[in-house]
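Heavy atoms only: backbone and side chains are in, while hydrogens, waters and symmetry mates are out. Note that ligands are numbered from 1 as they come in the structure, with each ligand's atoms numbered from 1 the same way. Quick caveat: nothing in here was measured; it's all calculated off a predicted structure.
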Amino acid sequence: TSPVIHIDPARTISHVDPRIYSGFTEHMGRCIYGGIYEPGEIPTPSQIPNTGFRKDVLDALRELNVPIFRYPGGNFVSSYRWQDGIGPKHLRPRRPELAWLTEESNQFGTDEFMQFCKEMNAEPYICLNMGTGTLEDALAWLEYCNSSANTHYANLRRSNGHPEPYNVKYWSLGNEVWGPWQVGQMESQDYAKKAFQWAKAMKLLDPKIELISCGETGCTDWDRVTLKKLVPVVDYHSIHIYTVSEGNHTVNVMGPAAAEKAIEISKSLIDLAKIEAGMEKQVTVCFDEWNVWDPVRAPGEKGAEEHYDLSDALAVAAWLNVFVRKADIVKIACIAQSVNVISPIITSPKGLFKQTTFYPLKLFATLMQGTSLNVHVASPVYTGKTVPDWVGKLENKTGGEDKLTKYIDVSAVLSDSKDEVRMAIVNRHATEAYAVPIRFGPACECDNGMVKVYEVWSADLKDNNGWDGERVKTVEKDIEWTGEYEVKEHSFQCRFYP
Ligand code: AHR
């Protein structure tokens, strides 16, 4: 099949929620310490005075327009005592840390995270400890963050120098509670019953909060069972999926296709739970951990510092295409993670560099906003596996239509001003370039003039960025529109049609 893209701005899917470009900062590896927070060590001007925050990291994250940061884990949260991380720093206890088998100094905690979010003009999202934590701890944390009453934890916040409540809107009911690696792992029924009680109590204390249930990949029995019980009391269902490369470009960039299938199944499970509960309320997907992560290449216990290449940048672009296409159901997505740990930014005490994945992420967060459009793509297809053998179970469940995955992968938006169609096109083929006709429907007059293109490409798929320079980044071009566009092999581009 020769590639052709058909696009009609009248065929809208849903508004693209800017929260799909959210981030995640876990106490893991060098994400917090040495990432966003490095007090005392950094010579000015890279440090923001009296905060411990790295100015270079905050500036780089600002380029990504991150609307929400999830915190403090991930796996870390399942044995985290939030009260260790508040108050005078010299009194904060050092504790053994059971997720990544390190030590936690607690020099960065809730108030520092809130200050970080304020600096970033982003909303905080807190994940609750449903491992070693109790409902009482969770309620105390909520009271500390959100209450303006004359009560103990609200007053404790005030006495720590924070008179105004933080009004944290997003709270999730545990992290990957289904996982054998989790402190406090539970069976689905047990989790569902417990989370239901926690949800009721949390909403009694603050009815304005929005709650997120702990899902698995969106398409498992855990998801079905927990949604059935929790749909009446939650606002979002969380999904986590990482795709891996195993050094194989095709597997790497085709992996997100499995996530797209998982989202569709999750949407149906939400619908089913709503029908069974006889409820009309809105429950959507919060895809609060996603990315390319090869735990063999970058083990979690060693800080998961992936060094991404062009192939990974294309995979990230394919991931983001999925979220734009699924704008009707995915309302929040958090790339895991934001700094150093499986991240688009790598720091050292002296500075930072932007990984290959930074560039598609920035293009999406700045350009792919508006209303998602239904795009029809004819394309040559890849027929091999889309996930490595060790997650083959997922592929069997979510591999898509006969495991056919299109090499040309596209999402599109109509800008909020309604005067621009913007397309994100990934050519996932390692060696083939294509001349792709783009046919617009009658509602679009995008047929002549100059077109702006932002291209991420490099000659070698293994090209990466590092301390010696950035080989993979965005190149901006103005091209004359002829009705057809030459898409380079293994490339990503964002294009505008005024
Ligand atoms: O993001 C890294 C880890 O991956 C998180 O801590 C955990 O939730 C997931 O397994």
**Prompt:** Can an N or O of W100 be found at a distance shorter than 3.5 Å from an N or O of ligand 1?
**Reply:**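 No, since none of the N or O atoms of W100 sits under 3.5 Å from an N or O of ligand 1.
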
**N or O contact, W181 vs ligand 1, cut-off under 3.5 Å** =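 Looking only at distances, the answer is no, because the N/O contact criterion of under 3.5 Å is not met.
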
**Request:** For ligand 1, indicate whether the residue N175 contacts it via side chain, backbone, both or neither (heavy-atom separation under 4.0 Å).
**Result:**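 Within the 4.0 Å criterion, N175 contacts ligand 1 through side-chain atoms alone.
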
Counting only heavy atoms not in [X], do more than 12 fall under 6.0 Å of its [atom1]?
{"X": "D468", "atom1": "CG", "answer": "yes"}
{"X": "E187", "atom1": "CD", "answer": "no"}
{"X": "K228", "atom1": "NZ", "answer": "no"}

Side chains of residues 189-199: which donor-acceptor partners sit under 3.5 Å, not counting sequence neighbours?
{"unit_1": "Y191", "atom_1": "OH", "unit_2": "L173", "atom_2": "O", "d": "2.5"}
{"unit_1": "Y191", "atom_1": "OH", "unit_2": "C214", "atom_2": "N", "d": "3.0"}
{"unit_1": "Q197", "atom_1": "OE1", "unit_2": "K200", "atom_2": "NZ", "d": "2.9"}

Atoms of ligand 1 less than 4.0 Å from [X] heavy atoms?
{"X": "I342", "value": "1 (O)"}
{"X": "F24", "value": "1 (O)"}
{"X": "N75", "value": "5 (C), 6 (O), 7 (C), 8 (O), 10 (O)"}
{"X": "W293", "value": "2 (C), 3 (C), 4 (O)"}

**Message:** So I241 and W319, do their side chains get closer than 4.5 Å, heavy atoms only?
**Reply:**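 Of all side-chain heavy-atom pairs linking I241 with W319, at least one is under 4.5 Å.
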
**Asked** Given side chains that start at C-beta, do those of Q282 and D235 come closer than 4.5 Å, heavy atoms only?
**Response**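 A side-chain contact is absent here, since even the closest heavy-atom pair is not under 4.5 Å.
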
Which residue holds the protein heavy atom closest to [atom], what is that atom called, and what is the gap in Å?
{"atom": "atom 6 (O) of ligand 1", "answer": "E26 OE1, 2.6 Å"}
{"atom": "atom 3 (C) of ligand 1", "answer": "E289 OE1, 3.7 Å"}
{"atom": "atom 10 (O) of ligand 1", "answer": "E176 OE1, 2.7 Å"}

**Contacts of type salt bridge (Lys or Arg N to Asp or Glu O under 4.0 Å), residue K89, not counting sequence neighbours** =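 Here the qualifying residues are E112.
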
**Asked** Does even one non-hydrogen atom of Y242 get within less than 4.0 Å of ligand 1?
**Response**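 Heavy atoms of Y242 do come under 4.0 Å of ligand 1.
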
**Asked** N465 and Y308: side-chain donor and acceptor closer than 3.5 Å?
**Response**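 Side-chain D/A pair, N465 to Y308: absent.
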
